[in-house]
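Here is the structure we will look at, set down as structure tokens.
The chains referred to below are lettered A, B, ... by the order of the sequence lines, with proteins before strands, and numbering in each begins at 1.
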Amino acid sequence: MSARTEERAASPDDANDITRAFLNILEDFAEERDRLGATEKAVLNILEDFGEEKRRSEDTQKAALNILDDFAGEKALLEATQKAMINILDDFDAEKGKVEITNTDLRREVEDRTTAERALTAKSAALASSNAELEQFAYVASHDLQEPLRMVSSYMQLLSDRYSGSIDAQATKYIAYALDGAMRMQALIAGLLEYSRVGRQGDLETIDAGDAMRLALRNLRQAIDESAAVITHDPLPTVVGNSQLLSQVFQNLVSNAIKFRTPASAPRVHLGAIETDEGWQFSVADNGIGIDPRFRDRVFVIFQRLHTRDEYGGTGIGLAVCKRVIERFGGRMWIEAVSERGSCFYFTIPRHH
Amino acid sequence: MTSPQSLRGSSHVPHLLIIEDNPGDVDLILDALRQTGRAHTFTTVHDGLTAIEVLQQGADGGFTPDFVLLDLNIPKMDGREVLKVIKGDPQLSHIPVTVLTSSRADRDVEEAYKLHANCFMTKPTDVRELFEMFDRFTEFWFDTATVTFRASSDQAID
């Protein structure tokens with residue numbers, strides 16, 4: 001607009017100028033009117049736009065409200081979750097308490113077991129050392145007792161052999177007694193050595209009890225034949241033990257059954273085997289003179305004899321050796337009463353040792 | 001180089017070193033040897049240390065016994081030690097050593113053979129058995145065995 005004012009000042013013709021100016025004004029006015037109309041239109045447009053904005057704003061507000069609504073839902077959810085978590089934590093605390101109790105129990109049990117194990121280890125060590133001492137004692141005894149004994153018996157023998165012409169019957173009898181004593185002492189020492197051997201002889205392995213029995217019966221063939229003994233047996237299993245030692249157990253038991261027979265009838269011996277929870281239970285039953293119930297435990301004690309030498313010979317080693325062998329296999333040995341005459345020895349051999 | 005220590009033959013009378021402390025046993029052994037009727041000479045010593053001295057001095061002088069009879073339970077030096085020394089000494093290791101003891105214990109037998117004993121004999125309680133045992137012993141070692149005894153330089157010990 002300022003540019004047009006300058007144009008007018010530069011015009012020479014005033015009338016024309018006024019008309020032109022008037023026209024210009026009108027023109028300007030028209031222009032202004034147009035402009036105004038445009039402005040109005042623009043304002044209207046703006047207003048229209050504003051309405052739209054408003055709508056939009058309303059929408060936004062609505063959306064915001066929705067969002068807030070949603071948020072409230074979220075909040076509720078969140079609160080619920082939080083609550084749930086707290087519950088879980090509470091539960092966890094309770095569980096933790098329980099776990100702690102269990103842990104305490106476990107710890108106590110472990111402690112108890114450790115204590116028991118320690119006691120067991122100590123006992124095993126004590127037992128092993130007492131076994132070792134027994135073996136050492138038996139070894140020394142059988143070794144060192146043998147020598148003076150041999151002197152007694154050897155020179156008694158030389159006396160009786162070489163001087164029989166120059167000594168009387170009484171002296172000969174004394175020499176015989178001394179010799180007999182020396183020989184018996186010798187047998188006892190040999191037995192002691194045998195007994196001490198059980199502790200250290202042979203490894204434990206899986207063996208056929210039938211083989212052990214057959215070997216025992218082979219060794220006893222002469223006694224079996226002479227006494228016309230009848231030996232029967234169940235099928236025998238495989239067990240964990242030592243074949244040589246088990247064979248010795250069978251041999252001692254069957255040998256006893258034959259030895260302690262009644263004069264009236266030929267010995268009958270049955271070797272049985274039944275499977276039990278712990279392993280196998282063996283039995284050796286005979287029809288012999290039996291054992292007085294009062295002495296049933298004593299027969300297993302080393303050197304314990306129930307009869308005079310005149311009735312039945314022996315050193316009292318056999319059953320002690322049997323018991324020691326079975327105990328070494330981890331089993332037990334005992335005698336039970338049987339209905340008829342005779343005795344029945346039982347022993348077990350556990351499945352695992 | 002080999003040099004025969006003892007010439008096996010009718011002209012050679014075997015010499016035994018008897019290492020035994022118990023006089024009763026020495027008498028029994030000598031009695032038993034006499035009973036065999038086989039010619040022999042002997043030296044007796046009563047403890048382990050003297051035994052080693054006698055053996056080593058003998059070897060230095062060019063003489064060693066043909067046999068050693070050794071009791072395990074002897075004073076001053078145990079029979080097992082004596083056995084170890086004999087079998088570990090190149091001048092002595094060729095001498096056959098018979099362990100002669102009252103022990104029947106397995107561990108003594110095993111140990112003796114581990115220490116290179118050549119024979120293990122348990123002295124029997126029955127004196128007649130003892131005489132019989134010495135008869136068998138001399139029958140084999142004096143009459144039957146054809147081992148050529150050689151100087152120690154050739155005798156390697158495992």
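At a cut-off of 3.5 Å, with distance as the only test, a side-chain donor of A/Glu147 or B/Ser102 sits close to an acceptor on the other residue.
Identified by a heavy-atom distance below 4.5 Å to chain A, the contributing residues of residues 15-24 of chain B are B/Asn22, B/Gly24, in residue-number order. For residues 160-171 of chain A, a heavy-atom distance under 4.5 Å to chain B picks out A/Asp161, A/Arg162, given by residue number.
Separation of atoms CD (B/Glu129) and CD (A/Gln157) is listed at 8.5 Å; rounding is to 0.5 Å.
Heavy-atom neighbours of A/Gln222 CD from other residues, nucleotides or ligands within 6.0 Å: at or below the threshold of 12. The number of heavy atoms from other shown groups lying within 6.0 Å of OH (A/Tyr155) is above 12. Within 6.0 Å of CE in A/Met183 there are more than 12 heavy atoms belonging to other residues, nucleotides or ligands.
Judged by distance alone, the side chain of A/Ser153 and the main-chain N or O of B/Thr125 form a donor-acceptor pair under 3.5 Å.
With a threshold of 4.5 angstrom between heavy atoms, B/Asp25 approaches chain A through its backbone and through its side chain. Contacts of B/Asn73 with chain A are made by side-chain atoms alone, with heavy-atom separations under 4.5 Å and no backbone atom involved.
The side-chain contact (heavy atoms from CB on, under 4.5 Å) test with A/Ser154 singles out one residue from B/Leu130, B/Asp126, B/Leu28, and that residue is B/Leu28.
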